[in-house]
Amino acid sequence: MGMFCYQCQETGRGTGCEYGGVCGKSEELADLQDLLIYTMKGIAEIVVKGGLDASMLKDVNREVLKSLFMTITNANFDDDAIIGQITKMIEARDDLRNEIGEAELHDAATYEISSMRDMIFKASYADMTGREDKDVRSLKHLILFGIKGLAAYTYHALQLGKENQELYQFIYEALNATLDDEQTVESLTALVMKTGQFGVTAMALLDAGNTERYGNPEITEVKIGAGKNPAILVSGHDLTDLEELLEQTKDSGVDVYTHGEMLPAHYYPGFKKYNNFIGNYGNAWWQQEEEFKTFRGPILFTTNCIVPPVSEEVKERIFTTGATGYPGCTHITAAPDGKKDFSELIALAKNLGPPVEIEHGSIIGGFAHAQVFALADKVVDAVKSGAIRKFVVMAGCDGRMKSREYYTEFAEKLPNDTVILTAGCAKYRYNKLDLGTIGGIPRVLDAGQCNDSYSLALIALKLKEIFELSDINELPIVYNIAWYEQKAVIVLLALLYLGVKNIRLGPTLPAFLSPNILNFLVENFGICGIHSAEEDLLNVCS
Ligand code: SF4
Ligand code: SF3
């Protein structure tokens with residue numbers, strides 16, 4: 001039947017995966033994920049055409065967020081989990097349809113469970129081929145992929161008890177628009193900007209959820225070595241899962257380490273009370289197979305990014321929860337009261353050896369907005385005296401492509417009077433380099449996870465206010481952002497909405513941008529790709 005997916009930066013040949021994904025997604029899984037998205041669009045159409053108020057759709061909202069999150073790159077590889085979710089969502093959709101009475105609806109809102117298999121072709125491959133103007137299709141996909149990222153952050157906020165009904169209403173509005181043949185390049189361009197606006201709302205909501213529950217991140221030295229106790233490794237972005245695991249392991253003799261995007265958890269005061277929360281093990285997501293081998297203990301995936309394990313031994317130690325899944329790995333589901341039972345991981349850890357130390361020492365982070373605001377006087381003085389000439393925002397994702405060595409080289413070659421502001425797993429390309437300090441301020445300021453790019457925007461807005469500038473682009477800040485998956489798409493749209501111009505985006509530009517849409521972004525926002533580090537450094541030094 002074939003598949004087509006071009007939602008991430010590592011897409012096949014830079015144009016699209018058609019015979020299995022570079023990420024490891026099979027054709028069957030790609031098609032099932034497309035059908036799940038198609039079903040979400042059907043639900044959105046019912047909500048919009050039926051004039052339903054999202055605040056009345058509590059359970060549906062939660063499951064829509066989860067469904068979108070399950071289709072993000074490297075989040076869920078389990079066909080059965082996707083089929084289960086489609087089935088659940090068709091039932092939810094049909095209940096909603098019964099509420100609204102007569103309306104002319106798209107197939108996505110009406111197809112039957114019994115015809116699920118027949119719908120796959122309509123929902124996926126056919127949708128991509130020639131049916132729509134390519135600029136319209138490009139904008140619809142830009143919106144859809146942004147919405148996936150937005151849904152992931154909204155889902156995290158919801159885990160922390162934070163909700164904003166306008167976000168749900170907007171998700172329905174946007175998904176419905178992607179089904180609507182009447183949409184034009186103009187109307188969709190406006191919707192792209194609105195998606196960015198709600199991206200800011202979602203990240204602000206999540207920031208409030210994280211900081212109200214765990215305190216404001218503060219400067220923290222995080223150990224990168226290994227101790228002597230058996231241990232569990234936690235990956236992904238969900239802090240509530242980490243909290244629950246720390247509660248259940250605190251007196252068990254089992255230690256907990258972070259991997260990849262979970263590193264910034266160490267910066268929150270709320271996690272510092274756990275003596276068994278030791279440090280960070282390893283690097284960004286794509287190096288996990290080798291690092292999981294030497295870690296030796298169980299691994300808990302709370303969100304993306306899973307790399308299909310090659311080693312059976314590693315696979316037997318992988319557990320998933322929330323929106324993630326991998327066939328053959330145990331999935332920890334929440335009880336009706338929301339609690340998760342991690343006793344199986346704890347018992348397994350006790351039977352396995354402690355991690356093998358693969359590096360030694362520590363790294364420093366915790367420069368989210370409140371911490372940087374606390375240092376504002378120092379930072380402003382350094383800018384005024386010329387000690388800091390420029391800030392370079394290097395937030396985003398890491399990935400396995402060799403071309404990403406560019407980011408290490410770029411960081412290494414930056415002049416000594418520049419400071420890197422980072423967030424997301426992109427940091428692993430340079431956070432262990434010795435880049436020194438400027439007047440006691442480290443030259444790499446890590447704000448946190450990819451969603452904490454919001455902090456970087458707040459810092460920029462604060463500096464704009466302090467320096468009494470009328471435009472955020474007058475600040476001595478340049479942007480060199482690395483992307484991989486759809487959370488980075490919503491971060492990018494959020495920055496565009498905030499008026500940030502001249503963002504350099506790499507290591508390659510999204511395949512889903514048609515030439516005209518790319519041109520539009522170049523002309524209106526100054527977006528550009530990367531060249532060699534030397535060439536791009538000229539722009540920083542100018
Ligand atoms: Fe290909 Fe990326 Fe889609 Fe995976 S998520 S199938 S690598 S485009
Ligand atoms: Fe990384 Fe997957 Fe995007 Fe959250 S963990 S930034 S790639």
Side-chain angles (χ1 to χ4, degrees), residues 2-34 37 69-77 124-125 128 141 144-145 148-150 152-153 155-156 203 206 234-239 258-265 280 282-288 291 301-308 323-324 394-401 404 407 422-429 431 446-456 481-492 505-508 510-512:
M3 63 175 275
F4 188 84
C5 181
Y6 61 176
Q7 66 176 357
C8 84
Q9 186 274 325
E10 292 187 358
T11 194
R13 300 174 314 281
T15 53
C17 294
E18 292 181 66
Y19 309 99
V22 172
C23 60
K25 190 155 89 173
S26 68
E27 291 184 12
E28 165 88 359
L29 179 63
D31 291 341
L32 286 169
Q33 290 190 353
D34 287 348
I37 291 296
F69 201 168
M70 287 172 93
T71 69
I72 278 186
T73 304
N74 290 342
N76 200 312
F77 289 89
S124 61
Y125 199 67
M128 309 291 303
H141 282 128
L144 173 63
F145 302 150
K148 288 188 183 196
L150 184 143
Y153 293 149
Y155 183 82
H156 284 309
M203 284 193 273
L206 177 52
V234 190
S235 185
H237 305 67
D238 195 306
L239 299 184
T258 52
H259 188 264
E261 272 285 71
M262 201 53 94
L263 157 66
N280 191 67
N283 295 282
W285 63 274
W286 60 278
Q287 286 167 292
Q288 62 187 246
E291 293 170 355
F301 272 103
T302 65
T303 71
N304 57 313
C305 282
I306 301 175
V307 175
T324 64
M394 292 182 73
C397 309
D398 197 9
R400 53 199 137 195
M401 279 184 170
R404 287 187 190 255
Y407 293 103
T422 191
C425 64
K427 65 169 81 63
Y428 285 100
R429 288 284 168 178
N431 68 345
D446 177 21
Q449 298 180 337
C450 46
N451 41 291
D452 296 311
S453 301
Y454 171 70
S455 256
L456 303 182
I481 291 184
W483 81 288
Y484 172 56
E485 34 75 39
Q486 299 75 55
K487 291 178 185 181
V489 176
I490 194 62
V491 171
L492 176 70
L505 186 65
T508 54
F512 52 82

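Each ligand, and each atom within it, is numbered from 1 in the order the structure gives. In what follows, every heavy atom counts, from backbone to side chain, and hydrogens, waters and symmetry copies are set aside.
The distance from atom CH2 of W483 to atom CZ of F145, rounded to the nearest 0.5 Å, is 8.5 Å. In this structure, the separation between CG on L206 and CD on Q449 is 7.5 Å, given to the nearest 0.5 Å. Note: T73 OG1 to K25 NZ = 6.0 Å, rounded to the nearest 0.5 Å.
Listed by number with element, the atoms of ligand 1 under 4.0 Å from a non-hydrogen atom of Q7 are 5 (S), 8 (S). Below 4.0 Å from some heavy atom of Y484 lie the following atoms of ligand 2, by number and element: 7 (S). Those atoms of ligand 2 that come under 4.0 Å of a heavy atom in N304, given as number and element, are 2 (Fe). Numbered from 1 in the order shown, with element, the atoms of ligand 2 that lie under 4.0 Å from a heavy atom of W285 read 2 (Fe), 7 (S). In summary, the atoms of ligand 2 found under 4.0 Å from a heavy atom of C450, numbered by their order in the structure, are 4 (Fe), 6 (S). Per-residue contacts place T11 under 4.0 angstrom from the following atoms of ligand 1 (heavy atoms of the residue considered): 8 (S).
In terms of protein heavy atoms, atom 2 (Fe) of ligand 2 is closest to C305 SG, 2.2 Å. At the top of the distance list for atom 6 (S) of ligand 1, counting protein heavy atoms only, stands G21 CA, 3.5 Å. The protein non-hydrogen atom at the shortest distance from atom 7 (S) of ligand 1 is C23 N, 3.3 Å. Among protein heavy atoms, atom 2 (Fe) of ligand 1 sits closest to C8 SG, 2.3 Å. Shortest contact from atom 5 (S) of ligand 2 to any protein heavy atom: E261 CG, 3.4 Å. Remark: minimum distance from atom 5 (S) of ligand 1 to any protein heavy atom is reached at T73 OG1, 3.3 Å. The shortest contact between atom 3 (Fe) of ligand 2 and any protein heavy atom is with E485 OE2, 2.0 Å. Remark: minimum distance from atom 1 (Fe) of ligand 2 to any protein heavy atom is reached at C425 SG, 2.3 Å.
Taking the side chain as every heavy atom from C-beta outward, H141 and Y6 approach each other to under 4.5 Å. Considering only heavy atoms from C-beta on, D446 stays 4.5 Å or farther from N431 through its side chain.
Around atom 4 (Fe) of ligand 2, the closest heavy atom drawn from H259, H237, K427 belongs to H237.
The two residues V22 and R400 make their nearest non-hydrogen contact at O-NH2, 3.8 Å. Considering all non-hydrogen atoms of both residues, I490 and G149 come closest at CG2-C, 3.7 Å. The minimum heavy-atom distance between T71 and K148, with the atom names listed, is OG1-NZ, 3.0 Å.
Not a single N, O or S atom of C5, from either the backbone or the side chain, sits less than 2.8 Å from atom 2 (Fe) of ligand 1. The nearest N, O or S atom of C17 is not closer to atom 3 (Fe) of ligand 1 than 2.8 Å.
The pair E18-R13 counts as a salt bridge, with a side-chain nitrogen and a carboxylate oxygen less than 4.0 angstrom apart.
The closest approach between a heavy atom of Q449 and any atom of ligand 2 is not below 4.0 Å.
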- Task: Please assess H237 against C450 for the test side chain to side chain contact (heavy atoms under 4.5 Å, CB included), listing each intermediate value before the final yes or no.
- Result: CA-CA 9 Å; H237 305 67; C450 46; 3.5 Å; yes

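The distance between the ring centers of Y484 and W285 falls below 6.0 angstrom.
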